[in-house]
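What follows is one structure encoded as structure tokens, with my remarks underneath.
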Protein chains: 2
Amino acid sequence: MKNNIKVQRAIHDMTQADLAEKIGVSRQTINAMEKNKYVPSTVLSLKIAKLFKIPLEDIFFLEDED
Amino acid sequence: MKNNIKVQRAIHDMTQADLAEKIGVSRQTINAMEKNKYVPSTVLSLKIAKLFKIPLEDIFFLEDED
DNA sequence: TCTATATGTAAAGTTTGTTTTACTTTTGAT
DNA sequence: ATCAAAAGTAAAACAAACTTTACATATAGA
């Protein structure tokens, strides 16, 4: 799975720390997500989509190997 | 978080085992998800939304306590 | 009623997400 | 060139997802 969180942050002019605080996780969690170190929970991805006011599928994308 | 996987299964006339097999998890995982025993990963929820051909937010819902 | 299929549940174990702390590197502004 | 903020990274510890096995309950049809 891939994501474009970094782009969404740029659009909204937020740092990783900003986003982390808004959705209630650590900054490292945001960083690791952006670097595709792991797959976040559905609660987390729903919160991010809600914050950015766009469909979850516009931020997170399945890949062939998923 | 809540979900209406059971309803979607009914619409598509699928058993828990059917769904489990289609998205590549165990039947107990589907059962536990339906009974809100845990929060699935974003890959799993994306696969379910894709299978049912509806937006993820039409299946999984944030609650106030999330 | 008997049987097959679907669902619910539980415990143990493995894997993976997430936090915390802490340090390094990059970037941009002055 | 310097400084501060932002981003990258890493290890240890803990929490949660997910699997496997196994059994119990429900439901519907023959």
Side-chain angles (χ1 to χ4, degrees):
Chain A
M1 195 188 69
K2 286 191 315 180
N3 70 77
N4 64 12
I5 294 173
K6 188 169 187 170
V7 173
Q8 301 301 325
R9 277 199 305 108
I11 293 173
H12 295 269
D13 194 24
M14 299 176 77
T15 67
Q16 291 180 344
D18 289 337
L19 177 54
E21 198 208 318
K22 290 236 182 196
I23 66 177
V25 294
S26 70
R27 180 182 67 81
Q28 284 76 355
T29 295
I30 300 296
N31 187 277
M33 285 177 53
E34 290 190 4
K35 306 297 276 185
N36 291 309
K37 293 278 182 60
Y38 62 74
V39 174
S41 74
T42 301
V43 164
L44 257 192
S45 51
L46 278 174
K47 283 184 180 178
I48 293 174
K50 183 179 182 184
L51 180 66
F52 290 142
K53 298 195 174 77
I54 57 179
L56 193 145
E57 283 94 339
D58 287 359
I59 306 177
F60 298 92
F61 314 93
L62 282 179
E63 293 179 288
D64 294 340
E65 63 263 34
D66 290 325
Chain B
M1 196 187 67
K2 286 191 313 181
N3 70 77
N4 63 14
I5 295 174
K6 188 170 189 169
V7 172
Q8 301 301 324
R9 277 199 303 109
I11 293 173
H12 294 268
D13 193 24
M14 300 177 77
T15 67
Q16 291 179 344
D18 289 336
L19 177 54
E21 197 209 320
K22 291 236 180 193
I23 66 177
V25 294
S26 70
R27 180 182 67 82
Q28 285 76 355
T29 294
I30 300 297
N31 187 278
M33 285 177 52
E34 290 191 5
K35 306 296 275 184
N36 291 310
K37 292 281 181 59
Y38 62 74
V39 174
S41 75
T42 301
V43 165
L44 257 192
S45 51
L46 278 174
K47 283 184 179 177
I48 292 174
K50 184 179 181 184
L51 180 66
F52 291 141
K53 298 194 174 78
I54 57 179
L56 193 144
E57 283 95 339
D58 287 359
I59 306 176
F60 298 92
F61 314 93
L62 282 179
E63 293 178 288
D64 294 339
E65 63 264 35
D66 290 326

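Hydrogens, waters and symmetry mates play no part in the numbers below; they use all other heavy atoms, side chains included. Chain letters run A, B, ... following the sequence lines, proteins first, then strands; residues in each count from 1. Bear in mind the structure is a predicted one, so any value in this text is a computation, not a measurement.
Contacts of B:Ser41 with the nucleic acid, taken as non-hydrogen atoms under 4.0 Å apart, involve only primed sugar atoms and P, OP1 or OP2. Among the atoms of the strands shown, base atoms are found under 4.0 Å from some heavy atom of B:Thr29.
Between A:Asp13 atom CG and C:dG28 atom P there is a gap of 13 Å when expressed in whole angstrom units. In this entry the distance linking CD of B:Gln16 with P of D:dC18 reads 15 Å, nearest Å. Atom CG in B:Leu19 sits roughly 14 Å away from atom C1' in C:dA6 (whole-Å rounding). A:Ile48 places its CD1 atom 13 Å from the C1' atom of C:dT18, with the value rounded to the nearest Å. When rounded to the nearest whole Å, the span between CD1 of A:Ile30 and P of C:dG17 equals 14 Å. Between the C1' atom of C:dT25 and the NZ atom of A:Lys35 lies a distance of 12 Å, rounded to the nearest Å. Between the P atom of C:dT5 and the CZ atom of B:Arg27 lies a distance of 14 Å, rounded to the nearest Å. Between the CE atom of A:Met14 and the P atom of D:dA7 there is a distance of 11 Å, rounded to whole Å.
Considering every non-hydrogen atom in both A:Pro40 and B:Thr42, the closest pair reads O-OG1, 2.8 Å.
In the hydrophobic clustering of ILVMFWY residues, with side-chain heavy atoms under 4.5 Å counting as a link, A:Val7 and A:Ile54 come out apart. Side-chain heavy atoms closer than 4.5 Å link hydrophobic residues (I, L, V, M, F, W, Y) into clusters, and following such links, even through other members, never connects A:Phe61 to A:Leu46.
Of the candidates C:dT7, C:dG17, D:dA7, C:dG17 carries the atom nearest the A:Val39 side chain, counting heavy atoms from C-beta on. When each of C:dG8, D:dT19, C:dT19 is scored by its nearest atom to the side-chain atoms of B:Asn31, the top-ranked nucleotide is C:dG8. Distances from the side chain of B:Tyr38 to the nucleotides C:dT9, D:dA17, C:dA6 place D:dA17 closest. If you check D:dT19, D:dA7, C:dT18 against the side chain of A:Pro40, the one that comes closest is C:dT18.
Between the base of C:dT21 and the side chain of A:Gln28 there is a donor-acceptor pair shorter than 3.5 Å.
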Open item on the list: Pair A:Asn3, A:Ile48 - check side chain to side chain contact (heavy atoms under 4.5 Å, CB included), show working.
Closed with: CA-CA 11 Å; A:Asn3 70 77; A:Ile48 293 174; over 6 Å; no

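Side-chain atoms of B:Leu51 and B:His12, non-hydrogen and from C-beta on, never get closer than 4.5 Å to each other.
The nearest heavy atom of DNA chain D to B:Leu44 and to A:Arg9 marks one nucleotide each, and the one closer to the 5' end goes with A:Arg9.
Of the side-chain N and O atoms in A:Lys6, one or more sit less than 4.0 angstrom from OP1 or OP2 of D:dG8.
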